[in-house]
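Here's the structure we're looking at; comments come further down.
Throughout, protein chains are lettered first and strands after them, A, B, ... in sequence-line order, and every chain is numbered starting at 1.
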Amino acid sequence: MTQQEFLEAIAEALDCEMELSGETILDDIDEYDSIGVLSLMSYFDELGIKVSPNDFEKFETVQDLINLAGDKIDG
Amino acid sequence: MAKLHFKNASIRGIVTTVGDKKVTIDEEASKFGYDEKLLKRVKKSMGFNSRYVVSSEDICTSDLCLASAKKLLSGCNIEAKSIDALLMVTQTPDYKAPSTAIILQDRLGCSTDTIAYDINLGCSGFINGLMSAYSLIESGLNRVLLCVGDVASKFAYEKDKNLTPLMGDAGSAILIEKSLSDSYFILHSDGSGYEHLIIPAGGCRYPCNEEALTPKERGDGSIRRDVDMYMNGAEIFNFTIKVVPKMFDELLEFAGKSKDEIDYFVLHQANRYILQNISKRIGVGSDRLPMETVSTYGNQNSASIPGTINGFLSDKYSSKKVTSLFAGFGIGLSWGACIVESKNIFAPAIEQYKI
């Protein structure tokens, strides 16, 4: 999947209408709350990527999510 | 691996009694400090709507279970004296000791020849309790009464915005009898996750003292005491999506059945969000995997599977042969599932407790 497709999938998982980019600060996304974290964990789990709830405490920007997706993003 | 196959036991009746008082999230939102946006979000994602709780501190799980048991025995037209064993699954016993099941033996009028003991489990408790009941029947008993449930109001602190709006009070009674029927159980335990759902104080390791009774603001933004239940929702969710779909595959393979042969997947009703997630992963829709119990009654702990049958599938279980897959998962951590057959059982609609 391309980075753009990944960003769209993240926005869909969070159920947010905001346009996301690598620079977007996670705390600026209204839907990035405890329910949002569950949705992202579920999304990454479906991609086959292991992530623990504690990891999310270290994440600051959407770029951290892009890094987590690693080679699942090829564009 | 704990896999069990029984051939001589089946369920004859299921009755569930919920708390006498209905509360709604709209009424409670301000108590939990929800603003309008968060309220809308928890309603939509988690399915918070209404829940049933007991109106008085005097009402215990055993009272709800006793009401269910009396209705069950009368509906099945059997005498309390004919029960060989009475098992109680709860985290809210009447006393720290003795077992509530023994007190219920007397209150229900069972004979002193009855086996009676408690099992301390929550979300997975119905599966473990049912496995214990089936095991006793398989070993020679004729009739086992299984009581399951919790009055979660006793351990969910009123200001805990994460846990309390989720919880409902309920007590179920299930009658298991000798009868030719194949059933398959798989059970798991993982104590390394014990801290993710825990009542830290009140046991021997951290006795109930003044410190334990002091309400404190916690890192997760909630207020609670150490004698109250703590839930790390994200860890529990993470655990659930990892183990539950996998367990279904194991169980179906063990039973030699396909998903299509299962009429209903009745799962522990943790919250709608988790159930939707599992439903999507296993490819079974809400017509066969009910997920609205939390929205109507709240999370009923070990009574959530019987509560869902009495709450939403009463006519189906009462009128036909049903192949069910039941699954429970949570506190412990502990998870288990079973495939059982039942036919025209006594399964009346849920009732509110009458004081």
How about [X]: does its [atom1] atom have over 12 heavy atoms from other parts shown lying under 6.0 Å from it?
{"X": "Lys259(B)", "atom1": "NZ", "result": "yes"}
{"X": "Lys280(B)", "atom1": "NZ", "result": "no"}
{"X": "Lys159(B)", "atom1": "NZ", "result": "no"}
{"X": "Lys44(B)", "atom1": "NZ", "result": "no"}
{"X": "Glu253(B)", "atom1": "CD", "result": "no"}
{"X": "Lys246(B)", "atom1": "NZ", "result": "no"}

Margin query: Within the 4.5 Å heavy-atom criterion, are Met46(B) and Leu38(A) side-chain neighbours or not?
Written below: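 They are in side-chain contact.
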Note to self: With rounding to the nearest 0.5 angstrom, report the OG to CZ distance, Ser39(A) to Phe237(B).
What the structure shows: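 Ser39(A) atom OG to Phe237(B) atom CZ measures 7.0 Å (nearest 0.5 Å).
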Check: So how far is it from Asn238(B) CG to Ser42(A) OG, rounded to the nearest 0.5 Å?
Finding: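 Spacing of CG (Asn238(B)) from OG (Ser42(A)) equals 9.5 Å.
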Next item on the list: Decide yes or no on side chain to side chain contact (heavy atoms under 4.5 Å, CB included) for Leu38(B) and Asp33(A), but give the supporting numbers first.
Entry: CA-CA 10 Å; Leu38(B) 185 58; Asp33(A) 56 11; 4.2 Å; yes
Check: Do Arg41(B) and Glu31(A) sit within salt-bridge range, that is, some charged N less than 4.0 Å from a carboxylate O?
Finding: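 Looking at Arg41(B) and Glu31(A), the cut-off is not met.
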Next item on the list: Measure across Met41(A) and Ala234(B) and return the closest heavy-atom pair with its distance rounded to 0.1 Å.
Entry: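 Result for this residue pair: CE-O, 3.3 Å.
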Next item on the list: Under the side chain to side chain contact (heavy atoms under 4.5 Å, CB included) rule, what do Ile241(B) and Glu46(A) come out as? Steps first, then yes or no, please.
Entry: CA-CA 10 Å; Ile241(B) 57 171; Glu46(A) 282 169 29; over 6 Å; no
